[in-house]
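Report on the structure given below.
Here is the naming used below: chain letters follow the sequence lines, and residue numbers restart at 1 for every chain.
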Number of protein chains: 6
Amino acid sequence: MARPDDRAPDQLRPVRIQRGWLDHAEGSVLIEFGGTRVLCAASVQDSVPRWRRDSGLGWVTAEYAMLPRATNTRNERESVKGRLGGRTQEISRLIGRSIRACVDYKALGENTVQLDCDVLQADGGTRTAAITGAYVALADAVAWMRERGLTKGEPLIGSVAAVSVGVIDGEARLDLCYEEDVAAQTDMNVVCTGDGRFVEVQGTAEGCPFDRAELDALLDLAAGGCAELTALQREVLGR
Amino acid sequence: MARPDDRAPDQLRPVRIQRGWLDHAEGSVLIEFGGTRVLCAASVQDSVPRWRRDSGLGWVTAEYAMLPRATNTRNERESVKGRLGGRTQEISRLIGRSIRACVDYKALGENTVQLDCDVLQADGGTRTAAITGAYVALADAVAWMRERGLTKGEPLIGSVAAVSVGVIDGEARLDLCYEEDVAAQTDMNVVCTGDGRFVEVQGTAEGCPFDRAELDALLDLAAGGCAELTALQREVLGR
Amino acid sequence: MARPDDRAPDQLRPVRIQRGWLDHAEGSVLIEFGGTRVLCAASVQDSVPRWRRDSGLGWVTAEYAMLPRATNTRNERESVKGRLGGRTQEISRLIGRSIRACVDYKALGENTVQLDCDVLQADGGTRTAAITGAYVALADAVAWMRERGLTKGEPLIGSVAAVSVGVIDGEARLDLCYEEDVAAQTDMNVVCTGDGRFVEVQGTAEGCPFDRAELDALLDLAAGGCAELTALQREVLGR
Amino acid sequence: MARPDDRAPDQLRPVRIQRGWLDHAEGSVLIEFGGTRVLCAASVQDSVPRWRRDSGLGWVTAEYAMLPRATNTRNERESVKGRLGGRTQEISRLIGRSIRACVDYKALGENTVQLDCDVLQADGGTRTAAITGAYVALADAVAWMRERGLTKGEPLIGSVAAVSVGVIDGEARLDLCYEEDVAAQTDMNVVCTGDGRFVEVQGTAEGCPFDRAELDALLDLAAGGCAELTALQREVLGR
Amino acid sequence: MARPDDRAPDQLRPVRIQRGWLDHAEGSVLIEFGGTRVLCAASVQDSVPRWRRDSGLGWVTAEYAMLPRATNTRNERESVKGRLGGRTQEISRLIGRSIRACVDYKALGENTVQLDCDVLQADGGTRTAAITGAYVALADAVAWMRERGLTKGEPLIGSVAAVSVGVIDGEARLDLCYEEDVAAQTDMNVVCTGDGRFVEVQGTAEGCPFDRAELDALLDLAAGGCAELTALQREVLGR
Amino acid sequence: MARPDDRAPDQLRPVRIQRGWLDHAEGSVLIEFGGTRVLCAASVQDSVPRWRRDSGLGWVTAEYAMLPRATNTRNERESVKGRLGGRTQEISRLIGRSIRACVDYKALGENTVQLDCDVLQADGGTRTAAITGAYVALADAVAWMRERGLTKGEPLIGSVAAVSVGVIDGEARLDLCYEEDVAAQTDMNVVCTGDGRFVEVQGTAEGCPFDRAELDALLDLAAGGCAELTALQREVLGR
């Protein structure tokens, strides 16, 4: 099975990051990984959760959701169902953990940055696009805070980017689209820091278990993809 | 108080309607009324709700929601709260009733068109933008159905458009932005058909009750605004 | 189609208002519009919602509900379903907004009056009966507060009453019973102050859109009906 | 502590049973035990729960609820809270079990009678008033079914009535009002059949444990009270 | 029908109480009544519910639940359903009331003991095993508090134990297993103090109503069973 | 920081697997990894979820939960909160995916095996103990099915076991207890098949990102631990 868009196995889809997509949010980004389109908004609040109060430390948290017709067939809204699905909560937690890896809570002061990642259109890799875009939205929100003297030093101790990789017909591929995601025997989401270390490695054997060699090939591919995304984040942020 | 954007009292904000904003949906529109931005998706399903089965009649329904950072300060997600708010349900019901006014259920066949109106950014008039955009998304979905021979005659017996009007400092104004909406003594949402009749008239005295003369002035203004929006819908749909 | 009870088109059903129907509530009314029977209870609380604290202002809010067998066939309880329906919330919000139109929050002091409107039996016009009855219950609760020195001046700056109107076979009719409500092409609920101004106008084309002439006829009819109800409220309150 | 209304220890409060209080329900009763006022509606449905289908047997079930201002201070609605409280479910289950003790499911045919007991005003003994009234509503609903040929023989194999008893200052008392209920060291609800046997005995030591002699005195008192209520049910039903 | 395990009618099943089954809880007991196995954990918290604050009084409360495969066929989890069933809440309330009968709130200080009774395996009598075991867990938690100087005098003013009794084929039997529970015409749960007084008596006619003689026989049997369980509790606690 | 129980870095805690811990379940295991104690029950149902019907294929699914006092301080029940937490759902999904890696759905026939993993006591590694124990419970349930002729060939195409690994003070350690889990800079859960391939790799940088060398060391350690657990599973199952 060739790649649907004729990419090389180690090639990302076209990635597009538009900053300032929303008027109200302190940071906002519309990020596209091919047909996947995620709106990331960063909201600054001058308080922290109850368990964090009077610690002098800030907090960063994230919520992920999908519009009902982001996908090929319509999904019922979780607000209508009255409960969050397991997948939604799992991805929200993943985004939060990933982004927190580049944050210095002390420098953030007792403020919270809430990241909202809403998938407007889904074509595979929504969680990795969300993480990659959320970092840029966070960077803009932190800049907004810095201008207003709300920070105490530099709250960003690095950057994070994420990409999916998978094995299809025995071939390791970077940045799977939906069609490939469904066909993959093994599927892995990898989150890296800007200096190439790992924050999250989540590999799952969808079809059949994978051996160490496959795992190594996937990790190599993912590390390369994250490095490219890091470069793009820097360029977009004008650094 | 002058209008924040120096419009004439009977002037709409710049309205922009982009068709085909989503790849998967049978009809989709990104509609903007000034800073208000609503994504309207129409999904065709080849079935009807249980109470409608074996009637030979179709159905059209709508859901309205707002992204958490569509507004000036962030709102908690209704999916996280685990319950739909009264305002959300009220507007969803209004959109559904309004759009159904231009539908011939028999011609639709036993199919459902589900309209999802998600507010990406809010600056007043989100429900009227949603109705105006949802009609265009519906028209595209109906065209999609027609091409596939799913309809029996013409399911659209007219069109609908909607606009808000309000009284501020004694002056009747068309298409209120958020700042005006908050300041209005009286606030009215009006839904009209393309031939100028009324589908919904919902007037509320926010500050002080209104007399018949004020009501008449608002209705005149709204009818004019809906006529302009109808013309725009036609132009966009190439009719 | 003649009226089921042979009323003239502009004639109300027999309206009956019994004050003091409950022993515990600060104000309580059993109001009947023909077969529609609503129990309205006003509860005084010496506090206000969190967002209102330390403002020196009071608050008035309302909740509407229907007993399961108020209707022709039994409806499941919303407490059993675990969620409030859209109709319930919409009517609760309407009652609250309507009643607040006659309240001076400063004179109320930092107290809340909670209005509970429970439909014991439904035969059309439950929301308008609820508003008309709730005003009387509120008046009694305010009198109770005045006697105890809890008010600062007169909290009631007017009165409100409400009635439904509709078009059936081209004829505008006042105060629809259930059978007429179902048959109406257009249905409107109108809330007026005691001095004849409008608080809420909510018109809906159930069957086919209505023109301005129909709308005008309905508004005239409703204004007359509200004036009659206002007179009755005054009589019952001994003013 | 004397009884607040100077009753003898073995005297019921004035009991009033109004049949046919609702127009729509197949059976309906407004029952009063002194200040306690419960509306009991019986709804006939020509089906049974899923687990009962094709058994040839009918079903009887009950739901109990309280209006928010039935009590001295207002209680939040369970529909608003989004969950049924333990007390509500416990009493609903008790009413259902009690009433089912007098039903022949075979004679009922595959029909369900749903009993709704809504407390309009509470002054102690709401669950026992509900059971006593629900039986009369059921009898009327069964008569309605019999007239339409829906039954197969006599579905009522007896009657049930219920009363509360308690120990206050060492004295056993019948049919406690709210003030006594709060003061009772021991509180018992007893449900009896018309022929004097026990269906439910639910005794609780609120303050201090009770010995066998006290228990015996309470059972005697309750049996007498139920017999009186049975006589009243018969009289009201014209038997 | 003979007893499935050939017991005499007034004979308990083998009862086993293991203290200290959990490492973390301040008191914990695995109690077995034959095949019924309940894990009772007592958790000490140095605070009381809001309505109890600054009273100088403590609180004891209980929650009961069943693992999904405690029973013969699997039951869906209440956490997955999103709501507590009526039976669960009813039994939780019963356990709490029963245990509170032996507690001196003043001596407990402003602390709460939370009792969690989780049924690992069910074979009839789960609520009575839970009460009997919860008392022992409470006693251990109170000892833990006493060692740390958290009590003011003796918080336990007695003990409680509970057992089920029922009538099968006209024979009164003690401590029903599941098979007998299903077959019983009458079923009663009785909670007694260590000195033989009654805390709760809950008798239900499952099949046919019971007369006073049957009730008396059941009460005798239950009082005897509770006395045996009390002796066992004392022995296990080394008193 | 030495290991709290003086283990070597590559040493498992004492692991104990008791089969047949429940009387009713088709397969049941109480598994202990040191102080962590998980009850795994396998329930066989002769049906499959709706989306799987008439496919000839079976299904295996899992639910994970924790008793409220499994942990050092008590956690509120999710059934009481009315919603499943994100962590619970995430682990339930992980267990289900892991176990399904060793199942041949065709050989299972149209049956479902539901695995319930309830943590009775938690001391780190609850999810890995749950997976390791659930496999044994599944094997027993499959044997039960085989004896009854419900399978079509061998439904188990391998085995799965799981273990946690982590980096503490730069040292890679196997099978972390709670105290180590909290202290770990990096934490990874690894699920392997009996033949040493990977099913799930979930690594998270709790404190600081990890490099490829650390990742490799952790994977080696985990693969060794899983191999030991696989041997133990075989021994316990008498293979």
Side-chain angles (χ1 to χ4, degrees), chain D residues 61-64 78 81-98 100-102 104 157-160 167 185-216 218-220 222-223 226, chain E residues 61-64 78 81-98 100-102 104 157-160 167 185-216 218-220 222-223 226:
Chain D
T61 184
E63 284 176 11
Y64 166 96
E78 295 185 321
K81 285 196 248 180
R83 51 170 67 189
L84 288 176
R87 183 183 174 276
T88 295
Q89 291 190 63
E90 192 170 322
I91 300 179
S92 293
R93 287 157 53 93
L94 170 66
I95 300 172
R97 281 199 314 270
S98 299
R100 286 194 288 272
C102 69
D104 177 340
I157 57 177
S159 69
V160 291
V167 177
Q185 284 91 46
T186 293
D187 178 36
M188 187 177 294
N189 291 292
V190 177
V191 186
C192 287
T193 53
D195 62 3
R197 285 176 300 155
F198 296 96
V199 174
E200 289 274 340
V201 172
Q202 300 213 339
T204 296
E206 301 282 346
C208 74
F210 48 98
D211 60 24
R212 185 63 176 271
E214 284 170 308
L215 179 51
D216 286 341
L218 289 173
L219 288 168
D220 289 342
C226 285
Chain E
T61 184
E63 284 176 13
Y64 166 97
E78 295 185 322
K81 287 196 246 181
R83 51 170 69 189
L84 288 175
R87 182 182 175 277
T88 296
Q89 291 190 60
E90 193 170 321
I91 299 178
S92 293
R93 287 156 54 93
L94 170 67
I95 300 172
R97 281 200 313 270
S98 298
R100 286 194 289 270
C102 69
D104 177 340
I157 56 178
S159 70
V160 292
V167 177
Q185 285 90 45
T186 292
D187 179 35
M188 189 177 293
N189 291 293
V190 177
V191 185
C192 287
T193 53
D195 61 3
R197 285 176 299 153
F198 296 96
V199 173
E200 290 273 340
V201 172
Q202 301 212 338
T204 296
E206 300 282 344
C208 73
F210 47 98
D211 59 25
R212 185 64 176 271
E214 285 171 307
L215 179 51
D216 285 342
L218 289 172
L219 288 167
D220 289 343
C226 285

Exercise. How long is the gap from CD on E90(E) to OH on Y64(E), to the nearest 0.5 Å?
Worked result: 11.0 Å
For this session: Write down the atom of G158(E), the atom of C102(E), and the distance for their closest heavy-atom approach.
Result: O-CB, 3.4 Å
Seminar exercise, completed: Tightest non-hydrogen contact, residues V199(D) and S98(D), listed as CG1-CA, 3.9 Å
Exercise. Is it the backbone or the side chain of D216(D) that comes under 4.5 Å from a heavy atom of chain E, or both, or neither?
Worked result: both
For this session: Select, from A223(D), G82(D), A205(D), G86(D), the one with the greatest count of heavy-atom pairs under 4.5 Å involving chain E.
Result: G86(D)
Problem set entry | Contact leader toward chain E among R97(D), R197(D), M188(D), where contacts are heavy-atom pairs under 4.5 Å | R197(D)
For this session: With sequence neighbours left out, write down each residue that passes side chain to side chain donor-acceptor pair (under 3.5 Å) with T61(D), or none if nothing qualifies.
Result: none
Exercise. R87(D) versus chain E, heavy atoms under 4.5 Å apart: side chain, backbone, both or neither?
Worked result: both
For this session: Heavy-atom distances under 4.5 Å only: say whether R212(E) touches chain D with side chain, backbone, both or neither.
Result: both
For this session: For the pair E78(D) (side chain) and G85(D) (backbone), establish whether a donor and an acceptor sit closer than 3.5 Å, ignoring hydrogens and angles.
Result: yes
For this session: Determine the option with the most heavy-atom pairs under 4.5 angstrom with chain D, choosing from R100(E), R83(E), Q202(E).
Result: Q202(E)
Exercise. Nearest 0.5 Å, what's the OG1-CD1 distance between T193(E) and I157(E)?
Worked result: 9.5 Å
Problem set entry | Contacting region of D187(D) [heavy-atom separation from chain E under 4.5 Å] | neither
Problem set entry | T186(D) and E214(D): side chain donor to acceptor below 3.5 Å | no
Exercise. Which bit of L219(D) comes within less than 4.5 Å of chain E, counting heavy atoms only: side chain, backbone, both or neither?
Worked result: both
Exercise. Using non-hydrogen atoms only, which part of T204(D) is less than 4.5 Å away from chain E: side chain, backbone, both, or neither?
Worked result: both
